[in-house]
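Accompanying notes for the structure given below.
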Number of protein chains: 2
Amino acid sequence: MIKIGQTFKEFRTSKNITLQEASQGIVSVPFLSRFERGLTDISFTHLLELLNRINVQLSELEFLYQTRNTAGNDLLPNFQRAYQSGDSAQLREYLHAWQSRSGRFAKLQIIQIKMMLTTLGAASITDNELLVLEDYFKNISNWTFFELYLFGHSIPFLDKAFMFTLFEELQKKEIIYENFRHDNFSLLFYIYNNIILFLLDSSDSLEIAESLVTKLETYFKNQDKDYYHRTRIFNLKGLTLYLRGKKKEGLILLKKANLIAHLTEHEPQFLLNEKNYLAKYLTAKEIDYIFDFSDIHI
Amino acid sequence: MIKIGQTFKEFRTSKNITLQEASQGIVSVPFLSRFERGLTDISFTHLLELLNRINVQLSELEFLYQTRNTAGNDLLPNFQRAYQSGDSAQLREYLHAWQSRSGRFAKLQIIQIKMMLTTLGAASITDNELLVLEDYFKNISNWTFFELYLFGHSIPFLDKAFMFTLFEELQKKEIIYENFRHDNFSLLFYIYNNIILFLLDSSDSLEIAESLVTKLETYFKNQDKDYYHRTRIFNLKGLTLYLRGKKKEGLILLKKANLIAHLTEHEPQFLLNEKNYLAKYLTAKEIDYIFDFSDIHI
DNA sequence: ATTTATTTTAACCTATATGCAATTTTTTAT
DNA sequence: ATAAAAAATTGCATATAGGTTAAAATAAAT
């Protein structure tokens, strides 16, 4: 089992930060060294300060740490994967693992897996288990990911009236995660986007731009639900094709991107900005064409 | 300043877990009590174990903790907000705050804010600062959020050739965050979705269903970039309207949702599933209509 | 090859995280 | 309202996180 200190060290060294620089004013150099070698534990506040010093987010450290220890305790993501791919054999294994544990939460996990299996037509739930579930929901006042997830799978099994009481409770809660959604993935897209637009500005770089668009396409090939980024890729690809001489093909893609933005009711300012930007490259007539949706009867 | 232990306590008590149950086999009851009251620090491993016990993610604890302490050190999100809203006065304040700090990273933060200000036309960058920036990028081998973010803002300022060398480096890295994207927000949507579909099944619940759809709409009103969920809402709203008797209106929305899925090239199986599901409610002719895109010339 | 900076290791010391037993507070039951 | 039970807190003891100093081992620089 890899220790968290080792993961910390990976980050530190990859950024060429010395023990001295990282520890300065937080902990001593020898101590940090011991921590990184897994010889000692560390207090949470010190860890936070150290991470802040080397500009790594706690979530990043945690993620890499979890990845390094595939057999971690946090089985939730694994459930999800097995369930979504309909792998009931795998789910049964998880079930077995949890059945060997004791306590209130193990029981809940077991019920959750059973519900998944039931949905897949490979198990069934007892009335007593449903009572345990109801009882649990009755007594919590603050929903975290765990309860959301559990509730999501419980809906078909719970008593209708009870479910709605619960759901009303849930609705009263704030959604605190709004700012949480700017993940590294969209940051990466942002960078690609800027670079590609930058390249398109000088006519000798069009080929590189095109290869980057292709790269982006492969990144998002399997991200079926990421409509937004997929649409932005149409836009980039369209402009690239246009500038490379394939005007008609390019315009169609540009229009497609605009149409999707229009249909999803993206704020009007967004399309206006697009229009202004593209005026640099396209003729007025072409602009009119790709921003005209009057032939779409929706 | 609120301590992390207090935030932990919020989670524990809201789930009706006693100190006894939470600490069992990890730390002693009195110690956990002291930690929650901010009287002592805690080791990182113990904190992880405790969180796992009460089914709270580290990121959830961190988020609530940050929210409670608005004046936290992690200024990154604040930058972003000020920059995106074009608030250069606010940015200048952050600049001032960082200028009073010393060290390599403070310097980088200063440069980053200056670049933002420059982009907004409210400052300029010196050659020396650009050298510092290049130098920093030259020496890191592992990119985290911090570097991605910094790089994103540096693109217009860096030497073209250098920028591409860097970018090529970046491309070689894996993108490790793919699984990271299932945030609580989409989980919440999933729950709403299931409940609404469930309600639509019994004709006496249509009104509640409609009110939930409205609620969903307001949630996502400002999420302009979340094309996927916005599209799913069209679908839910369409079906609801249809079942409430406003057939034509409903069909148009359903068709709109399908069209967007079609345009964004969502995997074909998705639309097939949709088709099968909707067959429960619509006539064959109506199905044909909402899945026919031959009149859209894109 | 020699110097210099950085990291690792060691020994001993101090501060504090954590445990244990007893006490107080809060909740539950009658 | 009172007793009983459960949960949370306090005081003191101890284990361990973390500091200091110095020396050995590596790595980088000249």
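Keep in mind the model is a prediction, meaning the values are calculated, not measured. To find a chain, count down the sequence lines: A is the first, B the second, and so on, and within it residues start at 1.
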Could you check how far [atom1] of [X] sits from [atom2] of [N], rounded to whole Å?
X: Q6(B); N: dA8(D); atom1: CD; atom2: P; value: 16 Å
X: I17(A); N: dT6(C); atom1: CD1; atom2: C1'; value: 15 Å
X: Q24(B); N: dA6(D); atom1: CD; atom2: C1'; value: 15 Å
X: Q20(A); N: dT4(C); atom1: CD; atom2: P; value: 18 Å
X: L19(B); N: dT18(C); atom1: CG; atom2: P; value: 15 Å
X: E36(B); N: dT10(D); atom1: CD; atom2: P; value: 13 Å

Can you name the residues that form a ring pair (Phe, Tyr, Trp, His ring centres under 6.0 Å) with F137(A), not counting sequence neighbours? W143(A), F151(A)
Those residues that, when tested against H153(A), pass ring pair (Phe, Tyr, Trp, His ring centres under 6.0 Å) (two or more places apart): Y83(A), Y149(A)
Heteroatom pairs (N/O) under 3.5 angstrom, protein to nucleotides 17-21 of chain D:
unit_1: dA17(D); atom_1: OP2; unit_2: T40(A); atom_2: OG1; d: 3.1
unit_1: dA17(D); atom_1: O5'; unit_2: T40(A); atom_2: OG1; d: 3.4
unit_1: dG18(D); atom_1: OP1; unit_2: S43(A); atom_2: N; d: 3.1
unit_1: dG18(D); atom_1: OP1; unit_2: S43(A); atom_2: OG; d: 3.1
unit_1: dG18(D); atom_1: OP1; unit_2: H46(A); atom_2: ND1; d: 3.2
unit_1: dG18(D); atom_1: OP2; unit_2: D41(A); atom_2: O; d: 3.1
unit_1: dG18(D); atom_1: OP2; unit_2: S43(A); atom_2: N; d: 3.3
unit_1: dG18(D); atom_1: N7; unit_2: R34(A); atom_2: NH2; d: 3.2
unit_1: dG19(D); atom_1: OP1; unit_2: S28(A); atom_2: N; d: 3.4
unit_1: dG19(D); atom_1: OP2; unit_2: S28(A); atom_2: N; d: 2.7
unit_1: dG19(D); atom_1: OP2; unit_2: S28(A); atom_2: OG; d: 2.9
unit_1: dG19(D); atom_1: O6; unit_2: R34(A); atom_2: NH2; d: 3.4

Is any side-chain N or O of S33(B) closer than 4.0 Å to OP1 or OP2 of dT9(D)? yes
Quick check on dA7(D): is either OP1 or OP2 less than 4.0 Å from any side-chain nitrogen or oxygen of K9(B)? no
Output every pair passing side-chain hydrogen bond (donor to acceptor under 3.5 Å, both in side chains) with a member in residues 18-35 of chain A, not counting sequence neighbours, ordered by first then second residue. E21(A)-R104(B), S33(A)-R37(A)
Please name all residues satisfying side-chain contact (heavy atoms from CB on, under 4.5 Å) with N55(A), sequence neighbours left out, ordered by chain then number. K15(A), F105(B), Q109(B), F146(B)
From CA spacing to verdict: side chain to side chain contact (heavy atoms under 4.5 Å, CB included), E93(B), H96(B): CA-CA 5 Å; E93(B) 269 184 47; H96(B) 197 70; 5.6 Å; no
Kindly write out the residues that satisfy salt bridge (Lys or Arg N to Asp or Glu O under 4.0 Å) with K114(A), not counting sequence neighbours, or none if the list is empty. E129(A)
